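Atoms considered below: every heavy atom in the structure, side chains included; atoms not considered: hydrogens, waters and symmetry mates. Residue numbering restarts at 1 for every chain, and letters A, B, ... go by the order of the sequence lines. Worth saying up front: this structure is predicted, and the values here are computed from it rather than measured.
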Number of protein chains: 2
Amino acid sequence: MDEADQRHRQRMARKKQVIDARIAAAQGARGVVVLHTGNGKGKSSAAFGVLARALGHGQRAAVVQFVKARSDTGEEEFFRVHPQVRWHVMGEGFTWETQDKARDAAAAQAAWAQARAYLADPVIDLLILDEITYAFKYGWLDLDAVIAALKDRPPMQHVILTGRAAPPALVAAADTVSEIAAVKHAFQAGVPAMPGVEF
Amino acid sequence: MDEADQRHRQRMARKKQVIDARIAAAQGARGVVVLHTGNGKGKSSAAFGVLARALGHGQRAAVVQFVKARSDTGEEEFFRVHPQVRWHVMGEGFTWETQDKARDAAAAQAAWAQARAYLADPVIDLLILDEITYAFKYGWLDLDAVIAALKDRPPMQHVILTGRAAPPALVAAADTVSEIAAVKHAFQAGVPAMPGVEF
């Protein structure tokens, strides 16, 4: 075998290696469950950043906000008009604001009914369940039912869940978990919530 | 003073309290420096989520990517077409990929020249310096010069910096710092980087 042949053979072997690696990777491809928890700023923002990313790849997405009641946020204003996004603000605010446990629980259950419909819909590539963890903390939703629905979802669907104090069973059920700690926050220095940065 | 008068007085006192609080808040209003660091997933995503939020409020933004060299990311595809966004992919990839220190340093300095121009431009409401921390780690940029430029920026401009292992002086200079820890990641379970979620 002459030198040119040998070089060609080596080149092809290398090419095969790359292709094999790609096939192996593709075999592991599936939807992932991502959880953003902790007390720091960035849990929901990171979900919305992934939403932008997914839309950039032509995916379809749905967002269900479990606690947020306001509809004047920059993220909603920005994404709601996108044809591939369905956006649902289904909360009643935080419980210490509403002081009405029955109404909070009903709102969370309505939000979950909406979320469950998306978890059964393979058209949705990415589903964001924003601030859902509070629904477990206050006993508004059954954690086992939520985990079961996550496991039964379409295999290529990605789900991002956000909120403080995620229960350990939810951490166990997720593929990727980031814990966002607050090292410091501008409000400690007297800066009010700034539009764009905070909402 | 009759009862109706007294009720009115109480109501007005309460109203004054609310207005005073708003004035106090407004006086603290200013641009903030936000830092997303740590080894977990979500540092850049959270910055892009804030970008969406800022655009929803009609703000103008610029993004300078210090390390990223690829231009096939979903976030770039999604945001680059927006008329109020200027997007610059200025990296050469990670150094262990390029194996060329001089080229890496030159790329970081070019990215910094672009960033510095935005840090002097009050038209830009939000500036994202993505993965800038690596430039300090590898000695490509002078940290003191970057901190000085942050301090001299237009007073209402927000800046988000991302990247692992932020140097302590940068943490000190920032108003809001989130440390994102990786609790677990889907790749540990053999799932390859999925488009939409990871890039």
If you look at every heavy atom in Ala186(B) and Val32(A), which pair is closest and at what distance?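 Looks like CB-CG1, 3.8 Å.
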Return a table of donor-acceptor pairs under 3.5 angstrom between the side chains of residues 188-199 of chain B and protein atoms on other chains or two or more places apart.
residue: Gln188(B); atom: OE1; partner: His185(B); partner atom: N; Å: 2.9
residue: Glu198(B); atom: OE2; partner: His185(B); partner atom: NE2; Å: 3.2

Contact leader toward chain B among [options], where contacts are heavy-atom pairs under 4.5 Å:
options                                  : value
Val183(A), Leu55(A), Val177(A)           : Val177(A)
Ile180(A), Thr176(A), Val33(A), Leu51(A) : Thr176(A)
Arg53(A), His82(A), His57(A), Gln59(A)   : Arg53(A)

Out of [options], return the one with the most heavy atom pairs under 4.5 angstrom to chain A.
options                                  : value
Gly49(B), Ala61(B), Gly74(B)             : Gly74(B)
Arg80(B), Glu77(B), Glu75(B), Glu76(B)   : Glu75(B)
Ala182(B), Ala47(B), Ser44(B), Ala174(B) : Ala174(B)

Portion of Val50(A) that has a non-hydrogen atom of chain B nearer than 4.5 angstrom: both
Heavy-atom distance under 4.5 Å to chain B: side chain of Glu179(A), backbone, both or neither?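 Backbone plus side chain of Glu179(A), per the 4.5 Å heavy-atom cut-off to chain B.
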Suppose a student defines contact as a heavy atom less than 4.5 Å from any heavy atom of chain B. Which residues in residues 34-43 of chain A would they list?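 Expected list: Val34(A), Gly40(A), Lys41(A), Gly42(A).
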Give the interface residues of residues 155-172 of chain A toward chain B, defined by a heavy-atom separation under 4.5 Å.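 The residues closer than 4.5 Å to chain B, in numerical order, are Met156(A), His158(A), Val171(A), Ala172(A).
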Any residue of residues 120-129 of chain B which, by heavy atoms, sits under 4.5 Å from chain A: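 Interface residues of residues 120-129 of chain B: none, nothing closer than 4.5 Å to chain A.
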